[in-house]
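In what follows, every chain begins at residue 1, and chains take the letters A, B, ... in the order their sequences are listed. These numbers come from a predicted model, not from an experiment.
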There are 2 protein chains.
Amino acid sequence: MNKPRLSESQEDYLKEIYKLEELNGRVGMQDLAKRLDVRPASVTGMVKKLVQVQLVEHEPYKGVRLTDVGEKIALEVLRHHRLLELYLANHLNYTWDEIHEEAERLEHVISEKFEAAIAELMDHPTHDPHGDPIPSADLKIPETPDLKPVSSLKAGSFSTIRRVMTQDKDILNMLSRLNLIVNRDIQVAGKDSSGVRLKVDEQQYFLPLSIANFIFVECDS
Amino acid sequence: MNKPRLSESQEDYLKEIYKLEELNGRVGMQDLAKRLDVRPASVTGMVKKLVQVQLVEHEPYKGVRLTDVGEKIALEVLRHHRLLELYLANHLNYTWDEIHEEAERLEHVISEKFEAAIAELMDHPTHDPHGDPIPSADLKIPETPDLKPVSSLKAGSFSTIRRVMTQDKDILNMLSRLNLIVNRDIQVAGKDSSGVRLKVDEQQYFLPLSIANFIFVECDS
DNA sequence: CATTAATATTAGTTTCAACTAAATATATTA
DNA sequence: TAATATATTTAGTTGAAACTAATATTAATG
């Protein structure tokens, strides 16, 4: 019941497994290797260790899955990461493109005390600057309304940006310069096979599909 | 001229060498081993590497010394550490005894951006909560007035606490509970061979020499 | 269903920073 | 100065976590 102490590497594995599980359902060694920027052979090795300590289950050629304990730990790391991102943005004037990298390093290193302190300071937020949900202190994912990519909306529809699922710095920079950030109300002014034309505060912007696919919105009722 | 990228271990070595150099003049393998909680043989190994990359000079059986570049790096780490301590205390409500450990981990991990952000936020402070000087952005040590241990004062003399040179948590806790913190004005009410009696805001406290020796004050002119 | 392509694993190596045990060099002092 | 104590180094090991190259397994397709 008492937590094993994990290496940063191990935490990263659990975190990535969690995110891939959430995204694809099943997680192959390959995918993991790609996300962690590591060779498949290395993944085999590490997964073996994580299976040993029962943080992960592995059915060869089928995929990897977190155990309950593994998921808990992944959520802790994710909580650290997302709280940090919000904290850096809100309290240290980081820009959208800068927060990820810094949080990536800090997440493994801050104490429970630090976590609690910034959570408190920010009044226990539920979403980070990208719109990603922040697991609560007891590691539940906050309820989030159904979202769809802007690219899926009909021309004319109104909605609110709720999540931006890219960490490409150039894209993030460009979006924030255009004020296309989380919680912004937008209208789809037009669309074709190559992308979407958005209207925001009298301004119009064209977003190619490659970007529009990763901007998720809540539709106005 | 471009900085080599160092491991956390290496940064710790440089930092400790700096502190010991400042304290004792020369730094033996033994001392280093003690401070880093590592065996002497390990120190030999690491020092050899640091000599290779010219961050350190080593005269066997005489001692170790930082090169100019080595000192620069040590000061950077020290700056991180002390800025962090102050930040944790001032902005995240850490207590005196909690700041060291957290800073010890964070110091290796924060970016220049982070450093600059908190320095700016705190208006470029010159001393951390222990009274230790914070190297400036260009790595100069701020001028500090001459300090002496309270234990060296005559009974009756007035002074101001400027530095508390222990990281023992229990002592730090007790001192802060008694309000014997940096920048506090105190009077030596009496002394004998076993310690000092202090008067602070109508309160009187007795400090054994073992503690009084590490509380440094600036004497009233 | 046999072959190919995709996926995963093994075995052995590397690097880093520690370790132990044993050897050696210097310093102290009797 | 010789003997002893202290300080330092050497040589070899360990444990993580990565790597490469080669091999093996499964899935997909013609």
Whole angstroms only, please: what is the [atom1]-[atom2] distance between [X] and [N]?
X       : N      : atom1 : atom2 : answer
B:Tyr61 : C:dT26 : OH    : C1'   : 6 Å
A:Lys48 : C:dA11 : NZ    : P     : 8 Å
B:Arg35 : C:dA18 : CZ    : P     : 17 Å
B:Glu8  : D:dA17 : CD    : P     : 14 Å
B:Glu59 : D:dA7  : CD    : C1'   : 16 Å
B:Leu36 : C:dA18 : CG    : C1'   : 12 Å
B:Met46 : C:dC19 : CE    : C1'   : 14 Å
A:Gln30 : D:dT25 : CD    : C1'   : 13 Å

Ring centroids only, cut at 6.0 angstrom: are B:His80 and B:His108 within range, meaning strictly under it? no

Using the side-chain heavy atoms of [X], tell me which of these nucleotides is nearest: [options].
X       : options                : result
B:Thr44 : C:dA17, D:dT8, C:dT9   : D:dT8
B:Ser9  : D:dA17, C:dA18, C:dT20 : C:dA18
A:His58 : C:dA8, C:dA21, D:dT20  : C:dA8

Return the 5'-most residue of the pair A:Lys62, A:Gln10 with respect to DNA chain D, ranking by each residue's nearest nucleotide.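 With A:Lys62 and A:Gln10 compared, the 5'-side residue is A:Gln10.
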
Working note: A:His81 + A:His100, criterion ring pair (Phe, Tyr, Trp, His ring centres under 6.0 Å); need CA distance, chi angles, decisive distance, verdict. CA-CA 8 Å; A:His81 183 93; A:His100 180 75; 4.9 Å; yes

How about CD on B:Gln54, more than 12 heavy atoms from neighbouring residues, nucleotides or ligands closer than 6.0 Å, or not?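 It does not: B:Gln54 CD has 12 such atoms or fewer within range.
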
For A:Phe216, does the six-membered ring have the charged nitrogen or CZ of A:Lys148 within the cation-pi criterion, i.e. under 6.0 angstrom from the centroid and within 45° of the normal?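 Not satisfied by the 6.0 Å and 45° rule.
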
Establish, with yes or no, whether the OP1 or OP2 oxygen of [N] is under 4.0 angstrom from a side-chain nitrogen or oxygen of [X].
X       : N      : answer
B:Ser7  : C:dC16 : no
A:Lys49 : D:dA17 : yes
A:Ser42 : D:dA17 : no
A:Arg39 : D:dT20 : yes
B:Tyr13 : C:dA18 : yes

A side-chain contact here means heavy atoms from C-beta on lying under 4.5 Å apart; do A:Glu104 and A:Asp12 qualify?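 A:Glu104 vs A:Asp12: side chains touch.
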
